[in-house]
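In each ligand, atom 1 is the first atom listed, and ligand 1 is the first ligand listed. Each residue takes its place number in the sequence, starting with 1.
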Amino acid sequence: MEFSSTTRRNFLRHTSVVCGGLALPAVAVAVEQTFASEGAQPQDQAPEDKAEGKHKPKGAEEISPAEDLMREHGVLNRILLIYDEHLHLLATKKPFDGSVLASAADIVRHFVEDYHEKLEENFLFPRFRKAGKFVPLVSTLQKQHVAGRDLTAQIRELAATATFKLVSDSDKLADSLRAFLRMYRPHEAREDTVLFPAFRSVVSPHEYDALGEDFEKKEDDLFGEDGFFKIVDQVAQLEKRLGIYDISQFTPK
Ligand SMILES: [Fe+2]
Ligand SMILES: [Fe+2]
């Protein structure tokens with residue numbers, strides 16, 4: 001997160017703020033100040049159904065490799081929520097339309113495994129190995145990509161037989177979904193907090209910038225212009241069909 005000078009000043013001024021006897025987390029205060037200093041309150045944001053996909057911010061294509069990879073993890077996280085919801089449906093023995101789960105697994109295959117993980121395997125992992133940094137971690141991440149592909153194949157196959165009725169092999173499907181969730185949450189969290197932040201240390205500044213452009217070009221070549229936003233739209237459509245798109249339902253009452 002880049003802090004503007006105004007934000008940074010506000011952050012420093014408020015790091016020790018105390019409210020009602022409780023010290024507020026400094027980051028929360030800084031974020032609040034960011035909204036305040038820019039004259040935009042959170043509730044002033046465009047409705048989410050208008051903001052997704054069709055409202056790409058200007059200059060959004062000029063993003064760094066780390067930001068690019070992290071927002072792709074955002075897509076993966078939304079698929080994990082779709083998988084979570086299917087685990088809940090299976091546990092409560094509710095029938096579901098297997099085509100939603102099959103489509104989610106297809107997005108994992110085409111966007112996460114065949115694109116995002118290929119970027120990691122072709123552009124990040126070799127550079128960390130060459131620099132001798134995080135070599136055991138890179139080895140684990142690589143193995144997990146392979147294991148993930150097996151799980152996706154199982155989920156895709158079982159989901160295809162589940163359309164409009166209770167799955168006959170629901171235990172097996174639940175096991176595959178659980179194993180996928182169990183592995184990918186720590187996997188992507190470790191990449192976001194350890195590997196991606198260290199990526200700048202194993203490439204030159206010029207190479208770092210050039211890779212950002214390369215990643216975007218590959219994304220557009222594979223998924224069309226503004227390809228990332230098209231994928232986000234596809235995930236949003238699946239969330240709507242599943243009834244988990246409106247995130248206000250998750251706010252504690
Ligand atoms: Fe990965
Ligand atoms: Fe990743």
Side-chain angles (χ1 to χ4, degrees), residues 1 52 60-84 101 103-156 176-203 207-223 226-236 238-239:
M1 179 180 174
E52 293 210 20
E61 59 282 348
E62 293 164 13
I63 64 173
S64 73
E67 184 185 349
D68 200 8
L69 293 163
M70 284 182 191
R71 72 181 189 175
E72 287 159 15
H73 279 179
V75 169
L76 173 59
N77 270 320
R78 288 174 71 164
I79 302 272
L80 297 188
L81 295 174
I82 290 172
Y83 282 8
D84 266 335
L101 185 56
S103 297
D106 284 341
I107 293 172
V108 172
R109 169 59 44 87
H110 299 306
F111 185 71
V112 177
E113 295 172 351
D114 291 348
Y115 168 62
H116 171 86
E117 291 183 349
K118 289 293 174 204
L119 291 181
E120 293 172 348
E121 290 169 11
N122 295 337
F123 295 94
L124 274 73
F125 294 175
R127 285 172 170 84
F128 279 103
R129 287 197 187 99
K130 194 172 168 201
K133 285 190 174 177
F134 302 116
V135 176
L137 172 62
V138 164
S139 170
T140 301
L141 294 171
Q142 177 93 50
K143 280 183 197 151
Q144 292 186 335
H145 287 178
V146 176
R149 287 182 182 115
D150 287 345
L151 289 169
T152 296
Q154 290 167 29
I155 292 165
R156 181 66 183 78
S176 299
L177 290 170
R178 226 175 272 119
F180 194 91
L181 291 161
R182 179 84 174 126
M183 182 177 76
Y184 266 104
R185 286 197 163 120
H187 180 103
E188 63 174 324
R190 202 60 61 92
E191 288 178 342
D192 281 344
T193 57
V194 176
L195 209 71
F196 299 165
F199 190 44
R200 282 177 187 274
S201 71
V202 296
V203 293
E207 192 178 13
Y208 190 80
D209 290 343
L211 281 170
E213 288 174 25
D214 282 354
F215 287 8
E216 274 309 284
K217 187 172 180 317
K218 280 181 206 310
E219 200 168 64
D220 287 351
D221 287 348
L222 283 171
F223 305 107
D226 301 334
F228 171 78
F229 297 94
K230 291 191 171 108
I231 298 292
V232 170
D233 268 344
Q234 288 176 23
V235 175
L238 295 179
E239 290 171 338

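Between Asp68 and Lys218 there is no salt bridge, since no side-chain nitrogen of the basic residue lies less than 4.0 Å from a carboxylate oxygen of the acidic one. A salt bridge links Glu219 with Arg71: the closest approach of a Lys/Arg side-chain nitrogen to an acidic carboxylate oxygen falls below 4.0 angstrom.
Note on ring orientation: taking the six-membered ring where Trp is involved, the planes of Phe180 and Tyr83 are perpendicular (angle over 60°, cut-offs 30° and 60°).
Atom CZ of Arg190 is surrounded by 12 or fewer heavy atoms from other residues, nucleotides or ligands within 6.0 Å.
Here the Fe ion (ligand 1) is the vertex; the NE2 atom in His187 and the NE2 atom in His145 give an angle of 90° (to 10°).
Distances from the Fe ion (ligand 2) to each N, O or S atom of Glu191 single out OE1 as the nearest. Distances from the Fe ion (ligand 2) to each N, O or S atom of Glu120 single out OE2 as the nearest. Looking at His73, its N, O or S atom nearest to the Fe ion (ligand 2) turns out to be NE2.
Between the Fe ion (ligand 2) and His116 there is an N/O/S contact shorter than 2.8 Å.
The closest side-chain heavy-atom distance from Ile63 to Phe215 is not below 4.5 Å.
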